[in-house]
Amino acid sequence: MSTPIIVMGANGRMGRTICTLVQEDPAFTLAGVVERSEFAAGLDALPCPVSQNVEELLQGLDGKAVVVDFTAPEVSLATARSVARFGAAHVIGTTGFTNEQKQELARLAESCRMFWAPNMSIGVNVLLKVLPELTRALGDKYDIEMVELHHNRKKDSPSGTALRLGECLAEARGWDLDDVRCSARDGIIGERPKAQIGIQAIRGGDVVGVHTIYFMGPGERIEVTHQAHSRETFAQGALRAAAWLCGQQPGRLYGMQDIF
């Protein structure tokens, strides 16, 4: 039996990609799409209901649908509340959540199946496993910096992926990223503190996403780069998460590391 998928923001770049992949995969059924009326042009050609309200689509699906959501923090949080109310499942790829919003997602996940990852690619999530080991092996004589590059329409900075990578690097040093992150340098700022991780953002063109981590030590430099060539990378990861989530129980906010 195929899994019913509801796509939020269906006429956005990620939404369109997910709709296409769902229709190509017999494991899934496009059960509905959600989009604001001013952005819904062309969606009536899809083989499913189109709505401005996710609850309208969740009714009658008996909690079997998985909502896939790459929108904005406020929208995703409102959707999470609706998903919890109907006992459905929710895969979230949205970035830019505040700590308070993340805490609310975690509370909602206690009563429904919920999955959140700031980056759905396999490669980035493998990096999250190997970077702490590299950080510890190099030791504290190596300064850590990161540069992230995205398209000119990205709204949050630094990217959610950069922040998650930064968290894993900071944790490997025994730091809290909020205490050591530096995302802007200007003027006479003095020497770089040892307990610091710089994360700089570049925006332009249609770049899908590039993250480079620099380990700079005595007489040498190590660079680790991940480049996303297509949004299909993230869409495929989201659908993999949707299939996996169907077999899980409510209780906590799941992520990509749980799939691994």
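Just so you know, these numbers use all the heavy atoms, side chains as well, and skip hydrogens, waters and symmetry mates.
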- Note on the structure: Scanning both residues in full, the closest heavy-atom pair of Ile6 with Ala65 reads CD1-CB, 4.0 Å
- Query: So, Glu148 side chain and Ser159 main chain: donor-acceptor pair closer than 3.5 Å or not?
  - Reply: yes
- Task: Taking only Lys NZ, Arg NE, NH1 and NH2, and the carboxylate oxygens of Asp or Glu, determine whether Arg192 and Glu145 approach each other closer than 4.0 Å.
- Result: yes
- Task: Find the distance between CD (Glu232) and OG (Ser121) and round it off to the nearest 0.5 Å.
- Result: 14.0 Å
- Message: Could you report the tightest heavy-atom contact between Met14 and Phe234, atom names first, then the distance?
- Response: CE-CB, 3.9 Å
- Task: Indicate if Tyr214 and Leu131 have the same hydrophobic cluster label, given that clusters are the connected sets of ILVMFWY residues with side-chain heavy-atom separations under 4.5 angstrom.
- Result: no
- So do the side chains of Pro132 and Glu171 get within less than 4.5 Å of each other, counting heavy atoms only? no
- Message: Before you tell me yes or no, could you show the steps for Arg164 and Glu167 under salt bridge (charged side-chain N to carboxylate O under 4.0 Å, His left out), namely the whole-Å CA-CA distance, both residues' side-chain angles and the distance that decides it to 0.1 Å?
- Response: CA-CA 5 Å; Arg164 184 65 194 96; Glu167 286 172 353; 3.3 Å; yes
- Are there more than 12 heavy atoms of other residues, nucleotides or ligands under 6.0 Å from atom CD of Glu133? no
- Query: Below 4.5 Å, heavy atoms only, C-beta onward: do Val66 and Phe115 meet side chain to side chain?
  - Reply: no
- Verify the distance criterion only: is there a donor paired with an acceptor across the side chains of Ser82 and Glu55 at less than 3.5 Å? yes
- Arg173 side-chain N/O to Gly139 backbone N/O, donor-acceptor pair under 3.5 Å: yes
- Task: Examine Ile222 and Ile199 and state if one hydrophobic cluster contains both, with Ile, Leu, Val, Met, Phe, Trp and Tyr joined whenever side-chain heavy atoms are less than 4.5 Å apart.
- Result: yes
- Between CG on residue Leu108 and OG1 on residue Thr79, distance to nearest 0.5 Å: 11.0 Å
- Task: Determine, step by step, whether Thr95 and Thr161 satisfy the side chain to side chain contact (heavy atoms under 4.5 Å, CB included) criterion, reporting the C-alpha distance in whole Å, the side-chain angles of both residues, the deciding distance to 0.1 Å, and the verdict.
- Result: CA-CA 8 Å; Thr95 60; Thr161 300; 5.6 Å; no
- Message: Could you check whether any side-chain N or O of Asn125 sits under 3.5 Å from a backbone N or O of Asn119, counting only pairs where one atom can act as donor and the other as acceptor?
- Response: yes
- Quick one: does Asp62's side chain have a donor or acceptor within less than 3.5 Å of a partner on Lys64's backbone? no
- Task: Please report the C-alpha distance between Val210 and Gln227 in whole Å, then the side-chain angles of each, then the deciding distance to 0.1 Å, and finally whether the side chain to side chain contact (heavy atoms under 4.5 Å, CB included) criterion is met.
- Result: CA-CA 4 Å; Val210 181; Gln227 298 189 34; 3.9 Å; yes
- Message: For a 4.5 angstrom cut-off between non-hydrogen side-chain atoms, does Gln103 reach Arg107?
- Response: yes
- Would you confirm whether Gln248, through its side chain, and Trp244, through its main-chain N or O, come within 3.5 Å as a donor-acceptor pair? yes
- Item | Exam field: side chain Thr225 to backbone Thr212, donor-acceptor pair closer than 3.5 Å | no
- Just do the side chain to side chain contact (heavy atoms under 4.5 Å, CB included) check on Val224 and Val130 with the steps written out, would you? CA-CA 11 Å; Val224 180; Val130 302; over 6 Å; no
- Message: List the residues meeting side-chain contact (heavy atoms from CB on, under 4.5 Å) with Arg16, not counting sequence neighbours, and say none if there are none.
- Response: Asn11, Arg13
- Query: Tell me, do Ile213 and Phe215 make a side-chain contact under 4.5 Å, heavy atoms counted?
  - Reply: yes
- Joint cluster assignment, Leu21 & Leu30, ILVMFWY side-chain distance < 4.5 Å: yes
- Would you indicate whether Lys129, at its atom NZ, is surrounded by more than 12 heavy atoms from other residues, nucleotides or ligands within a distance under 6.0 Å? no
- Take Ile122 and Gln236 through the side chain to side chain contact (heavy atoms under 4.5 Å, CB included) test and state the conclusion after the steps. CA-CA 10 Å; Ile122 302 300; Gln236 291 283 12; over 6 Å; no
- One should read off an interatomic distance between Glu74 CD and Thr94 OG1, to the nearest 0.5 angstrom, of 10.0 Å
- Note on the structure: Interatomic distance, CE@Met120 vs CD1@Ile92, rounded to 0.5 Å, equals 8.5 Å
- Item | OG1 on Thr135 to CG on Leu169, rounded to 0.5 Å | 4.5 Å
- For the residue pair Cys168 and Leu128, what are the closest heavy atoms and their distance? SG-CD2, 3.9 Å
- Message: Less than 4.5 Å apart, side chain to side chain, heavy atoms only: is that true for Pro49 and Leu57?
- Response: yes
- Item | Validation row: Asn99, Asp178 side chains within 4.5 angstrom (heavy atoms) | yes
- Query: Has Arg185 got more than 12 heavy atoms of other residues, nucleotides or ligands less than 6.0 Å from its CZ?
  - Reply: yes
- Query: Of all heavy-atom pairs between Val33 and Cys48, which one has the smallest distance, and what is that distance?
  - Reply: CG1-SG, 4.0 Å
- Which atom of Trp175 lies closest to which atom of Lys194, heavy atoms considered: CH2-O, 3.3 Å
- Item | Cluster link Leu58 to Met114, ILVMFWY, side chain under 4.5 Å | no
- Under 4.5 Å between any side-chain heavy atoms of Pro4 and Phe28, yes or no? no
- Determine whether Val22 and Ile18 make a side-chain contact, defined as any pair of heavy atoms from C-beta on separated by less than 4.5 Å. yes
- Message: Quick check for you: to the nearest 0.5 Å, what is the distance between His90 atom NE2 and Arg113 atom CZ?
- Response: 12.5 Å
- Side-chain donor-acceptor contact under 3.5 Å, Ser51 with Asn53: no
- Query: Any chain of hydrophobic side-chain contacts (each under 4.5 Å) joining Leu127 to Leu138?
  - Reply: yes
- Message: Among residues at least two apart in sequence or on other chains, which ones pass side-chain hydrogen bond (donor to acceptor under 3.5 Å, both in side chains) with Ser2?
- Response: Thr29
- Shortest non-hydrogen contact from Gly96 to Gln101? O-OE1, 4.2 Å
- Message: Has Thr233 got a side-chain atom pairing as donor or acceptor with Ser230's backbone, closer than 3.5 angstrom?
- Response: yes
